[in-house]
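See below for the structure under consideration.
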Protein chains: 2
Amino acid sequence: MCSASSDLTAQARIRNAAIAHFARDGFQKTNLRAVAATAGVSAGLVIHHFGSKERLRSVCDDHVLRILVQRAGDARPSGMRDLFREYLSNPEEYRLQVQYMLRAIEEDTPAAATFVDTLVEESEEILRAGIADGTMRPSSDVRALAVLSVLHSVATLTMPPALARALGHERFGPDVLRRLALPTLELYTHGLFADDAALKAARAALDESPQDESPQEEE
Amino acid sequence: MCSASSDLTAQARIRNAAIAHFARDGFQKTNLRAVAATAGVSAGLVIHHFGSKERLRSVCDDHVLRILVQRAGDARPSGMRDLFREYLSNPEEYRLQVQYMLRAIEEDTPAAATFVDTLVEESEEILRAGIADGTMRPSSDVRALAVLSVLHSVATLTMPPALARALGHERFGPDVLRRLALPTLELYTHGLFADDAALKAARAALDESPQDESPQEEE
DNA sequence: TTGGATGCTAAACGCACGTTCAGTATCACG
DNA sequence: CGTGATACTGAACGTGCGTTTAGCATCCAA
């Protein structure tokens, strides 16, 4: 990790400070003077180097995105999708970038869009591979399932404090994750319902009003 | 529905306008002058009646919370947990209040905490009942499963635009919901994994580092 | 009738914050 | 040396916005 604050160009220090602030407080709530302060420079310099707060954000977006996708391409076994698992076992290393991206997803940044697209794409590939080799159950809509699993991952990592508190913890953290791991895996291997009454009912209901958008695949 | 804008007290009109703005744009981004405008009053009157923007929010919180919990207690078959199903079949009626609460959950309002607590509590009751009568599979941690299901519901309703776009839609809406309904139900009745290798591995891993927070229940 | 609440407005105040502006130091280069 | 260009600062500017204030009706009680 290259987090030594000096011996870096002021531009880089500002960028890093901005990433940290955006990740922690979000774009709106962070003010340039605070970013400048943690970067050890004046507020004017931020504008001097980046032109505007908005352009500073887009530079941060690109930077974080580049780190994360390069990390995913890093000859890792199964690409970016393992970011989640990786994050669980090694939260320190990329926590900042992941947190930044989660914020970006909330705020619907262009970078978040390409990040999410990559996640969904890789997730879908993994699902198709798993279904092909029999380790995963076939689905009526693999694309939607991929989106659903990414949604669940993102939701878990951005878990609202109120829900964390309902589990008895102050806020989201490794202990919450550990607590949810087993129920999540149980859900993903057994499901929850003992019979398929609800599923059949839903299929019937959807057949009645066939506002069809989803592709037809085998089940 | 009582949405006629006149023939209501100015206080009520301001409160309703604020609820609409907070639900649509969030607390930070809505400014009092806009609220005053849609309420048809001056900005000063908002302060005159509510003292501050923050106290206006808390009044809105209480109001929406009261509507939602009274709706849940309304001799409905299974209480607030059906808000989700209710919302799906009848999105117009309580869309505003639900959207308001989703925003409140994001912003971690006290009202959101009690709302979430109620959701989790009712969810847990339903799970226990379902497990008892055999319609649901037993879980190693019912509380965590309840939190997980609420998390999934909330996440679905607040689905980030980037994920909706990955499904081919502009943003979250009824069509996205329809698209996700089947995969969700498939996941909740069959699970995803064909075998329980991942689950066993996770159990083993958690046994190694028994940072025990979760209660022991039957499986 | 008077006098004080109450409902309400327009204007102003004050602060936070993004951005601009002079002005200084330093370094490159002719 | 001189002459830019570049890095940087402190102060100021402008604006958006929450809030305050002064004032005007209206209505009710004494």
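A, B, ... follow the sequence lines: proteins, then strands. Residue 1 opens every chain. When reading the values below, keep in mind they use all heavy atoms of this one structure, side chains included, and skip hydrogens, waters and symmetry mates.
- A donor and an acceptor atom never sit less than 3.5 Å apart when one is taken from the side chain of B/R33 and the other from the base of D/dG16.
- Rounded to whole Å, atom C1' of C/dT19 lies 16 Å from atom NE2 of A/H49.
- Using a 4.0 Å heavy-atom criterion, one finds that A/V46 contacts no nucleic acid atom at all.
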Worked check of side chain to side chain contact (heavy atoms under 4.5 Å, CB included) between B/E107 and B/R57: CA-CA 12 Å; B/E107 293 163 4; B/R57 163 163 46 192; 3.1 Å; yes
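- Heavy-atom nearest nucleotides on DNA chain C were determined for A/K29 and for A/H48, and the one closer to the 5' end corresponds to A/K29.
- At a threshold of 4.0 Å, the pair B/D62-B/R15 does not count as salt-bridged, since none of the basic side-chain nitrogens sits closer than that to a carboxylate oxygen.
- As a whole-Å value, the separation of A/L45 CG from D/dT6 P is 14 Å.
- Distance CD1 (B/I47) to C1' (D/dC17): 10 Å, rounded to an integer number of Å.
- No hydrogens or angles considered: a donor-acceptor pair under 3.5 Å links the side chains of A/S140 and B/E186.
- Ion pairing between A/R128 and A/E125 fails under the 4.0 Å rule for side-chain N and carboxylate O.
- When distances are taken from the side chain of A/S52 to each of D/dC8, C/dT19, C/dT9, the shortest belongs to C/dT19.
- The separation between A/Q28 atom CD and C/dC17 atom P is 11 Å, rounded to whole Å.
- Looking at the side chain of B/K53, the nearest of the listed nucleotides C/dG18, D/dT9, D/dG18 is D/dG18.
- Closest to the side chain of B/N31, out of C/dT9, D/dT9, D/dC17, is D/dC17.
- Between the CD1 atom of B/I14 and the P atom of C/dG7 there is a distance of 11 Å, rounded to whole Å.
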